[in-house]
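Contents: one structure, followed by commentary.
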Amino acid sequence: MNQDTKYWIVDKIVDDPSAYPQGYQFIREAAELLQKNELVAFPTETVYGLGGNALADETVEKIYEAKGRPSDNPLILHISNCKQLEPLVAEIPPLAKSLMEAFWPGPLTLVFPKKPGIAHRASAGLDTLAIRMPAHPVALALIEAAGLPVAAPSANLSGRPSPTTAQHVREDLNGRIAGILDGGATGIGVESTVVDITGNIPVILRPGGITAEQVAGIAGDVEMDPGLVNEAVAPKSPGMKYRHYAPKGEMWLIEGDTVDNMAETITRLADKARADGKKVGIMATEESAERYPAEHTVLACGKRTDLLTVAHHLYDVLRQFDERHVDLILAETFPEKGVGVAVMNRLGKAAGGKRYIC
Ligand code: TXA
Ligand code: MG
């Protein structure tokens, strides 16, 4: 796989769509490539997606190949208007309608019963289909111009942290895809919430940008997939079983009742590892970064008082640890409330479940 990857900068569209007509020209070029069954990476409000025509099985095959993704892991189909939904799904349950009204466009993916015979490869042969309408002007304009449902996993090599900038996409996929639309850094920074709406109560299969509290606010009730919390149960979302989002260094999550507790333990473990010849990375926050000895690689991941900022910086910080070639990463942990559930889920995956309790 070695192709010339086009690179279009369209970030000005995000602030002022009308002032940047050339951006739309670039988006049309990208959309034409999608129509020709080529792969194009594009920004969404969560992370960058690696897009391809969802209805062409051979194109979807190329997505799996470019990412090195296990082929039993189905993709999310991205749409730009609700009319695109009907040909894809067997039904739109009332529960789905109210969630769509409340959160689309936005970081919510709904798992529908699939219309038989459609998107076989994108759904990895399941009889359900995951669909979302992203809330990013570049993503919406691209899908609209292509006139296709766009299958798009996160635009990273499988197993690497998801990309939140076009530069991250370049690091992983340059030469492997036809083009990259650079719309600047993504806003939310963690992926969409995946919700199964095929039963009476919505079930969260992957925590993300929309919180459980928000879903319950509309649906009256919400459940978490037991596979998310109990390692002995297989998760219903095939992607959740893989070690994901992983930096190259070994990573441990340090759990404690207080930040003081965590900081003391992290410092002790870091100093010991350094004495053993290891280069140590510490994932701190803006509030705590200065507490750690400067001989370690200390990176602040947002503010503890605003977990949205932690979500926003998470994957970039994990990639920075890779760039600095640390052997061991010790990470502070966060309360599992609101977007903290998604942050802790991704940290847990990145660490491969390794936790140290103070
Ligand atoms: O924010 C996002 O959702 C990003 C952006 C690009 O939209 N996309 C993304 O896609 O995260 P991906 O492929 O990295 O993750 C899709 C997740 C996987 O965990 C997959 O197993 C799950 O959705 N999924 C897809 N189809 C499913 C289905 N029919 N039933 C259950 N889970 C499904
Ligand atoms: Mg992904």
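Note: hydrogens, waters and symmetry copies are ignored here, and every other heavy atom, side chains too, is used. Numbering of ligands and ligand atoms starts at 1, following listing order.
- Not one N/O/S atom of Ser158, from backbone or side chain, sits under 2.8 Å from the Mg ion (ligand 2).
- In this structure, a donor-acceptor pair under 3.5 Å is present between the side chains of Arg346 and Tyr315.
- Where the criterion is an N or O separation shorter than 3.5 Å, residue side chain and backbone included, Tyr48 fails it with respect to ligand 1.
- Ligand 1 has Ala152 within reach: a non-hydrogen atom of the residue lies less than 4.0 Å from it.
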Please report, to 0.1 Å, the donor-acceptor pairs under 3.5 Å made by any side chain of residues 88-95, with sequence neighbours excluded.
none

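- Contacts with ligand 1 closer than 4.0 Å are made by no heavy atom of Lys67, backbone or side chain.
- Every atom of ligand 1 with a heavy atom of Asn73 under 4.0 Å away is listed here by number and element: 18 (C), 20 (C), 21 (O).
- Residue Lys114 places its NZ atom among more than 12 non-hydrogen atoms of other residues, nucleotides or ligands, all under 6.0 Å distant.
- The environment of Asp16 atom CG is dense: over 12 non-hydrogen atoms of other residues, nucleotides or ligands sit within 6.0 angstrom.
- Counting the atoms of ligand 1 from 1 in the order shown, those under 4.0 Å from a heavy atom of Pro153 are 10 (O), 12 (P), 13 (O).
- Those atoms of ligand 1 with a heavy atom of Leu205 less than 4.0 angstrom away are 31 (C).
- At distances below 3.5 Å, at least one donor-acceptor pair connects side-chain atoms of Thr193 with backbone N or O atoms of Gly208.
- When Val194, Ile131, Asp225, Thr44 are checked for heavy-atom proximity to atom 23 (O) of ligand 1, Val194 turns out nearest.
- Here is the list of ligand 1 atoms found below 4.0 Å of a heavy atom in Gly49: 6 (C).
- Comparing heavy-atom distances from atom 9 (C) of ligand 1 across Ala139, Ser123, Ser154 singles out Ser154 as nearest.
- The other members of the hydrophobic cluster of Leu330, by chain and number, are Trp252, Ile254, Ile266, Leu269, Val280, Ile282, Tyr292, Val298, Leu328, Tyr356 (side-chain heavy atoms under 4.5 Å, ILVMFWY only).
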Would Glu287 and Lys303 count as a salt bridge (Lys or Arg N to Asp or Glu O under 4.0 Å) if you check the C-alpha gap in whole Å, the side-chain angles of each, and the deciding distance to 0.1 Å? CA-CA 6 Å; Glu287 293 94 334; Lys303 288 200 194 88; over 6 Å; no
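- The ligand atoms of ligand 1 that sit less than 4.0 angstrom from a heavy atom of His78 are 5 (C), 6 (C), 7 (O).
- At least one heavy atom of Arg132 lies less than 4.0 angstrom from ligand 1.
- Under a 4.0 Å criterion applied to the non-hydrogen atoms of Thr128, ligand 1 contributes the atoms 28 (C), 29 (N), 30 (N).
- Remark: Met262 CE to Thr333 OG1 distance equals 4.5 Å, nearest 0.5 Å.
- Under a hydrophobic clustering in which Ile, Leu, Val, Met, Phe, Trp and Tyr are joined whenever their side-chain heavy atoms come within less than 4.5 Å, directly or via other members, Ile188 and Val47 fall into the same cluster.
- Around CG of Asp276, the count of heavy atoms belonging to other residues, nucleotides or ligands within 6.0 Å exceeds 12.
- Residue Leu126 approaches ligand 1 through these ligand atoms, each under 4.0 Å from one of its heavy atoms: 28 (C), 29 (N).
- Backbone and side-chain nitrogen or oxygen atoms of Arg69 are examined, and one is located within less than 3.5 angstrom of a nitrogen or oxygen of ligand 1.
- Below 4.0 Å from some heavy atom of Ala130 lie the following atoms of ligand 1, by number and element: 25 (C), 26 (N), 27 (C).
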